[in-house]
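A short write-up of the structure that comes next.
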Amino acid sequence: MQSTGAVLGYLSSSAPPSWFMYSIAFWGWVMLGLMGIGGFFMFRKFLKVLPKADGKSKLDWQNYWVERSRPLWTDESKAFLNELVQPVPGPFRDIAKHSIAAEIGKIAVESGATEVTRDHCIKGYIVATPKRDYKFLMNFLQKKEIDYKPYQHLINK
């Protein structure tokens, strides 16, 4: 029978180095963090799909307004929308464009317009985006030499 000191010596000598164990722990935390971030975005998408009190989800309403306003869009208004969503990162640009187009379409249809104009695009962009994006919008409008004072009441909400 071996003594316990010899067994402990044998076990400690065959254990992986401590730097290896720390690297496993580090990458474990990184993976947990990335899964948490991904889960957050998946949960946000899940909340958009849940039906509201009227029985339709936020995505259902977006699709409704996009389809309802589809004949009102001109090539000029589509190009203007593409310019507005240019700073959005590529993987998210289509989703942002769809939600902004839905708001623009809603504004155009509810106002009884025969086509989507720049005015509708600017109003829809302001309503559909968070406040942090307004700075880009104002810089963009200044470069295009478009007066944004008529939209100041929407920006200051």
Side-chain angles (χ1 to χ4, degrees), residues 16 19-157:
W19 65 267
F20 183 72
M21 297 305 289
Y22 289 135
S23 68
I24 289 175
F26 170 75
W27 286 111
W29 284 106
V30 168
M31 291 302 293
L32 281 173
L34 291 174
M35 288 191 316
I37 292 168
F40 169 75
F41 286 106
M42 287 177 66
F43 185 70
R44 283 183 50 197
K45 187 74 170 179
F46 172 73
L47 288 178
K48 280 187 170 184
V49 178
L50 288 177
K52 297 190 182 231
D54 59 2
K56 287 189 174 186
S57 68
K58 187 174 181 178
L59 287 178
D60 291 337
W61 279 113
Q62 285 180 356
N63 292 335
Y64 170 78
W65 288 115
V66 166
E67 289 303 317
R68 180 109 187 263
S69 66
R70 192 173 297 278
L72 305 179
W73 286 88
T74 62
D75 290 337
E76 181 184 325
S77 59
K78 289 177 188 175
F80 191 68
L81 176 61
N82 285 332
E83 289 181 73
L84 284 174
V85 297
Q86 199 61 31
V88 178
F92 308 109
R93 192 171 295 145
D94 288 340
I95 296 167
K97 189 174 167 183
H98 186 265
S99 62
I100 294 169
E103 196 61 45
I104 292 169
K106 179 181 176 183
I107 290 170
V109 168
E110 287 180 346
S111 69
T114 57
E115 69 179 28
V116 174
T117 63
R118 279 189 174 190
D119 183 53
H120 295 128
C121 290
I122 295 170
K123 285 180 182 176
Y125 184 87
I126 292 170
V127 172
T129 57
K131 276 190 175 223
R132 67 177 177 266
D133 293 347
Y134 296 167
K135 185 176 181 181
F136 159 76
L137 177 66
M138 290 187 282
N139 291 336
F140 173 77
L141 294 176
Q142 286 174 347
K143 286 180 188 173
K144 291 283 189 177
E145 297 178 359
I146 299 172
D147 184 28
Y148 62 86
K149 297 224 187 300
Y151 313 105
Q152 202 67 41
H153 69 284
L154 293 171
I155 293 172
N156 290 334
K157 276 188 178 179

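Between the OH atom of Tyr64 and the NZ atom of Lys56 there is a distance of 6.5 Å, given to the nearest 0.5 Å. Taken to the nearest 0.5 Å, the CG atom of Asn63 stands 8.0 Å off from the OG atom of Ser57. Going from atom CD1 of Ile37 over to atom CE of Met42 covers 14.0 Å, rounded to the nearest 0.5 Å. The structure places CZ of Phe80 at 13.0 Å from NE2 of His120, a figure rounded to the nearest 0.5 Å. Note that CH2 of Trp65 is 13.5 Å distant from CG of Asp60, once rounded to the nearest 0.5 Å. Taking CG from Asp119 and OG from Ser111, the interatomic distance works out to 8.5 Å, rounded to the nearest 0.5 Å.
In this structure Leu47 satisfies the side chain to side chain contact (heavy atoms under 4.5 Å, CB included) test together with Phe43, Leu50, sequence neighbours excluded. Partners of Asp147 according to the side-chain hydrogen bond (donor to acceptor under 3.5 Å, both in side chains) rule, which considers only residues two or more places apart in sequence or in another chain, do not exist here.
For the pair Asn82 and Lys97, the minimum side-chain heavy-atom distance is below 4.5 Å. Side-chain contact between Lys144 and Leu141 is absent, with no heavy atoms from C-beta onward closer than 4.5 Å. In this structure the side chain of Trp29 reaches within 4.5 angstrom of the side chain of Leu32, judged on heavy atoms. Using a 4.5 Å heavy-atom threshold, the side chains of Asp54 and Trp61 count as touching. Contact annotation: the side chain of Val116 approaches that of Cys121 to within less than 4.5 Å [non-hydrogen atoms, C-beta and beyond]. Side-chain contact check for Phe136 versus Tyr125: some heavy-atom pair is nearer than 4.5 Å. Contact annotation: the side chain of Gln142 approaches that of Asn139 to within less than 4.5 Å [non-hydrogen atoms, C-beta and beyond]. The side-chain heavy atoms of Leu137 and Asp133, taken from C-beta on, include no pair separated by under 4.5 Å.
Remark: Lys123 does not engage Glu103 in a salt bridge, criterion side-chain N to carboxylate O under 4.0 Å.
Minimum interatomic distance between Tyr134 and Ile126 (heavy atoms only, all atoms of both residues): OH-O, 2.8 Å. For the pair Ala101 and Leu81, the tightest heavy-atom approach, listed with the atom from each and the gap, is CB-CD2, 3.8 Å. Looking at every heavy atom in both residues, Leu72 comes nearest to Ala108 through CD1-CB, 4.2 Å.
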Problem - side-chain contact (heavy atoms from CB on, under 4.5 Å) evaluation trace for Ser69 with Ile104 - result: CA-CA 9 Å; Ser69 66; Ile104 292 169; over 6 Å; no

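Put simply, the side chain of Arg93 gets close to the backbone of Gln86: a donor and an acceptor are under 3.5 Å apart.
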